[in-house]
K.L.:
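What follows is a structure written as structure tokens; I'll ask about it next.
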Amino acid sequence: MGEFTIKMPDVGEGVAEAELVEWHVKAGDPVREDMVIAAVMTDKATVEIPSPVTGTVVWLGAEIGDRVAVKAPLVRIETAGEGGEIRTEIPAAVTPPKAPEPPLPALDLTKGTVPKPATAPSAVAAVPAEKPLASPAVRLLARENGIDLRQVTGSGPAGRILREDIDQFLAHGAAPFPAQVVPGRKTATEEIKLTGLRRRIAEKMSLSASRIPHITYVEEIDMTALEELRATMNRDRKPEQPKLTVLPFLMRALVKAVAEQPNLNATFDDHTGVLTRHAAVHIGIAAQTPAGLVVPVVRHAEARGIWDCASEMNRLAEAARTGSATRDELGGSTITISSLGALGGIVSTPVINHPEVAIIGVNKIAVRPVWDSTQFVPRKMMNLSSSFDHRIVDGWDAATFVQRVRVLLETPALIFIES
């Protein structure tokens with residue numbers, strides 16, 4: 001008999017430790033070769049660790065939520081052969097932590113809609129909403145006897161309920177209205193330790209909020225012309241082409257806008273004070289999944305057309321939801337879009353995806369009255385809420401950038417004109 005010690009493998013270039021997010025075994029469990037025994041998470045990915053041997057687990061070296069250093073002992077397995085130490089190889093595919101069943105509704109980037117909650121039937125029959133006429137003394141008498149004044153016919157002027165009406169109501173044996181049940185006070189608390197992707201999200205947001213001085217600029221966009229164009233393109237699209245949402249048009253507008261202001265398609269190193277401007281436009285699309293928020297990246301949007309942007313965005317959104325996205329597909333963005341349009345809301349304050357310097361927030365499209373110099377006309381309006389790193393982007397530059405995006409979206413033909 002021998003004992004193998006499995007050490008934490010190298011989970012990525014420059015990564016010194018990983019968080020243990022899931023055990024698939026416990027001490028005393030039998031394992032076979034290639035069976036998944038644990039899942040760990042780095043800043044960008046969750047990966048599964050398989051067993052390289054067949055045997056019995058005799059020791060676990062960490063608890064869920066612990067950070068384990070690379071090369072640190074993770075599991076000991078008793079085998080029929082000789083013992084030793086092993087560091088397993090990590091596959092490239094991302095496997096997000098299991099979501100609770102049933103999964104929460106997730107933002108669908110491909111359809112631009114969210115699931116509607118089921119409507120529960122009313123447990124109480126509807127009653128007239130009009131407040132009965134009665135003096136305070138009569139109301140007190142009715143309350144003391146558990147009587148709903150809406151069930152009493154008033155004999156006073158204008159149907160006012162008198163004391164005699166209450167007495168007659170009680171004399172005829174009418175059942176008092178059930179007294180209101182006052183719910184008891186709740187004092188229970190529940191502590192939930194943040195682990196896995198949720199902890200990564202918390203750390204990422206804390207990092208961004210603590211290091212980046214945000215400035216948020218909100219502008220309303222007249223989307224009427226673009227919506228008409230989008231409807232026409234969707235009507236005439238080929239069977240193999242995806243249905244277009246607003247996002248592919250916004251992606252192409254961002255490509256044109258950052259070409260004029262390259263400082264916004266950039267990443268900033270806090271430690272060295274170096275701003276890196278990128279010729280490639282890698283657009284992150286913040287997406288909600290059952291496991292939490294992830295940001296799949298549409299790479300080289302500058303080299304893609306509208307249909308290509310839509311196809312790649314749909315593919316990445318599906319990969320993110322199913323947990324099949326790779327590490328490369330979830331990192332390396334140079335500017336990010338956060339879309340809450342399907343959920344409603346007129347303004348948001350998106351948090352920059354560190355180390356980027358800009359994020360564009362999409363709010364809902366709604367028909368609003370707009371003055372055209374002679375009259376109010378209905379237009380499809382959308383607010384664009386954008387945040388910028390104020391260390392890099394001045395307010396004037398932020399406004400100039402958003403105004404350029406506004407012009408492109410309000411005159412969508414400009415999006416298709418090559419510079």
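FYI, the numbering just counts along the sequence from 1.
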K.L.:
So that I can tick it off, tell me whether Arg315 and Glu329 are bridged by a salt bridge, with the cut-off set at under 4.0 angstrom between side-chain N and carboxylate O.
P.N.:
yes

K.L.:
Just by distance, no angles: are the side chains of Asp328 and Thr326 close enough, under 3.5 Å, to form a donor-acceptor pair?
P.N.:
no

K.L.:
Take Ile306 and Leu244 through the side-chain contact (heavy atoms from CB on, under 4.5 Å) test and state the conclusion after the steps.
P.N.:
CA-CA 8 Å; Ile306 291 289; Leu244 294 174; 3.6 Å; yes

K.L.:
Quick one: do Leu384 and Val218 satisfy side-chain contact (heavy atoms from CB on, under 4.5 Å)? Show the steps, please.
P.N.:
CA-CA 6 Å; Leu384 211 60; Val218 181; over 6 Å; no

K.L.:
What distance separates Thr189 OG1 from Glu191 CD, expressed to the nearest 0.5 Å?
P.N.:
6.0 Å

K.L.:
Kindly list each side-chain donor-acceptor pair under 3.5 angstrom involving residues 258-268, sequence neighbours excluded, with atom names and distances?
P.N.:
unit_1, atom_1, unit_2, atom_2, d
Glu260, OE1, Arg404, NE, 3.4
Glu260, OE2, Arg404, NE, 3.1
Glu260, OE2, Arg404, NH2, 3.3
Gln261, OE1, Phe401, N, 3.1
Gln261, NE2, Asp397, O, 3.1
Asn263, OD1, Arg277, NH1, 3.0
Asn265, OD1, Thr334, OG1, 2.6
Asn265, ND2, His278, O, 2.7
Asn265, ND2, Ala280, O, 3.0
Thr267, OG1, His278, NE2, 3.0

K.L.:
Quick check: does any side chain N or O of Asn383 sit under 3.5 Å from a backbone N or O of Val347, one acting as donor and the other as acceptor?
P.N.:
no

K.L.:
My understanding is that only residues two or more places apart in sequence, or in another chain, count here; which of them pass side-chain contact (heavy atoms from CB on, under 4.5 Å) with Arg199?
P.N.:
Glu19, Arg67, Leu194, Glu203

K.L.:
Stepwise, does the side chain to side chain donor-acceptor pair (under 3.5 Å) test hold for Asp270 with His354?
P.N.:
CA-CA 10 Å; Asp270 305 85; His354 183 276; 2.7 Å; yes

K.L.:
Is there side-chain contact between Ser385 and Pro350, with at least one heavy-atom pair below 4.5 Å?
P.N.:
yes

K.L.:
Taking the side chain as every heavy atom from C-beta outward, state whether Leu330 and Val295 have any atom pair closer than 4.5 Å.
P.N.:
no

K.L.:
Test of understanding: with salt bridge (Lys or Arg N to Asp or Glu O under 4.0 Å), list the residues that count as partners of Arg368, not counting sequence neighbours.
P.N.:
Glu220

K.L.:
For the NZ atom on Lys380, are there more than 12 heavy atoms of other groups (residues, nucleotides or ligands in this structure) within a distance under 6.0 Å?
P.N.:
no

K.L.:
Taking Arg391 for the side chain and Arg211 for the main chain, is one N or O donor matched with an acceptor at less than 3.5 Å?
P.N.:
yes

K.L.:
Can you name the side-chain contact (heavy atoms from CB on, under 4.5 Å) partners of Lys238, sequence neighbours left out?
P.N.:
Glu240, Gln241

K.L.:
Using a 4.5 Å cut-off on heavy atoms from C-beta on, say whether the side chain of Leu414 contacts that of Pro412.
P.N.:
no

K.L.:
To check you understand the geometry: which heavy-atom pair defines the closest contact between Ala358 and Phe388, and what is its length?
P.N.:
CB-CD2, 3.8 Å

K.L.:
Is any side-chain heavy atom of Val70 closer than 4.5 Å to one of Glu17?
P.N.:
no

K.L.:
Can you tell me how far the CG atom of Leu340 sits from the CD1 atom of Ile346, to the nearest 0.5 Å?
P.N.:
13.0 Å

K.L.:
Provide the closest heavy-atom pair for Val21 versus Gly196 in the form atom of the first, atom of the second, distance.
P.N.:
CG1-CA, 3.1 Å

K.L.:
Step by step, would you call Met233 with Trp307 a side-chain contact (heavy atoms from CB on, under 4.5 Å)?
P.N.:
CA-CA 10 Å; Met233 294 178 69; Trp307 296 107; 3.9 Å; yes

K.L.:
What I'd like to find out is whether the side chain of Leu149 reaches to under 4.5 Å of the side chain of Arg139, using heavy atoms alone.
P.N.:
yes

K.L.:
Closest approach of Val294 and Ala320, non-hydrogen atoms and distance?
P.N.:
CG2-CB, 3.8 Å

K.L.:
Which heavy atom of Asp34 sits nearest a heavy atom of Pro50, and at what distance?
P.N.:
O-CB, 3.9 Å

K.L.:
Would you find a donor on one side and an acceptor on the other, under 3.5 Å apart, between the side chain of Glu302 and the backbone of Val281?
P.N.:
yes

K.L.:
Hey, does the side chain of Glu356 reach the backbone of Thr336 with a donor-acceptor pair shorter than 3.5 angstrom?
P.N.:
yes

K.L.:
Can you tell me how far OG of Ser386 sits from CD1 of Ile359, rounded to the nearest 0.5 angstrom?
P.N.:
9.0 Å

K.L.:
Can you list everything that forms a salt bridge (Lys or Arg N to Asp or Glu O under 4.0 Å) with Asp394? Sequence neighbours excluded, please.
P.N.:
none

K.L.:
Strictly distance-based, threshold 3.5 Å: is any side-chain N or O of Asn145 a donor or acceptor partner for the main-chain N or O of Ile147?
P.N.:
no

K.L.:
Supply the atom-to-atom distance Ile221 CD1 to Arg406 CZ, rounded to the nearest 0.5 angstrom.
P.N.:
6.5 Å

K.L.:
Is there a donor-acceptor pair under 3.5 Å between the side chain of Arg252 and the backbone N or O of Ala301?
P.N.:
yes

K.L.:
Mind checking whether Leu229 and Phe416 have side chains closer than 4.5 Å, heavy atoms only?
P.N.:
yes

K.L.:
Just by distance, no angles: are the side chains of Thr216 and Ser387 close enough, under 3.5 Å, to form a donor-acceptor pair?
P.N.:
yes

K.L.:
How would you list, by chain and number, every residue that makes a side-chain contact (heavy atoms from CB on, under 4.5 Å) with Asp236, sequence neighbours excluded?
P.N.:
Thr232

K.L.:
Do His282 side-chain atoms and His300 backbone N/O form a donor-acceptor pair below 3.5 Å?
P.N.:
yes

K.L.:
Is any side-chain heavy atom of Pro52 closer than 4.5 Å to a side-chain heavy atom of Glu33?
P.N.:
no

K.L.:
To the nearest 0.5 Å, how far apart are NZ in Lys7 and CZ in Arg76?
P.N.:
10.5 Å

K.L.:
Any donor and acceptor pair, going by atom type alone, linking the side chain of Ser208 with main-chain N or O of Ile352 inside 3.5 Å?
P.N.:
yes

K.L.:
Counting distance only, does the side-chain N/O of Asp372 pair as donor-acceptor with the main-chain N or O of Gln375 below 3.5 Å?
P.N.:
yes

K.L.:
Would a distance-only check, ignoring hydrogens and angles, find a side-chain to backbone donor-acceptor pair under 3.5 Å from Arg230 to Phe249?
P.N.:
no

K.L.:
Is any side-chain heavy atom of Met251 closer than 4.5 Å to a side-chain heavy atom of Ile337?
P.N.:
yes

K.L.:
Between Ile283 and Ser333, which heavy-atom pair has the shortest distance, and what is it?
P.N.:
C-CB, 4.5 Å

K.L.:
Go through the steps to decide whether Val75 and Ile37 satisfy the test side-chain contact (heavy atoms from CB on, under 4.5 Å), and finish with yes or no.
P.N.:
CA-CA 9 Å; Val75 184; Ile37 58 176; 3.9 Å; yes

K.L.:
In terms of heavy-atom contacts, does CH2 of Trp371 have more than 12 from other residues, nucleotides or ligands at under 6.0 Å?
P.N.:
yes

K.L.:
Mind listing the closest non-hydrogen atom pair of Leu408 and Ala253 along with its distance?
P.N.:
CD1-O, 3.5 Å

K.L.:
OG1 of Thr224 to CD of Glu410: how many Å apart, nearest 0.5 Å?
P.N.:
8.5 Å

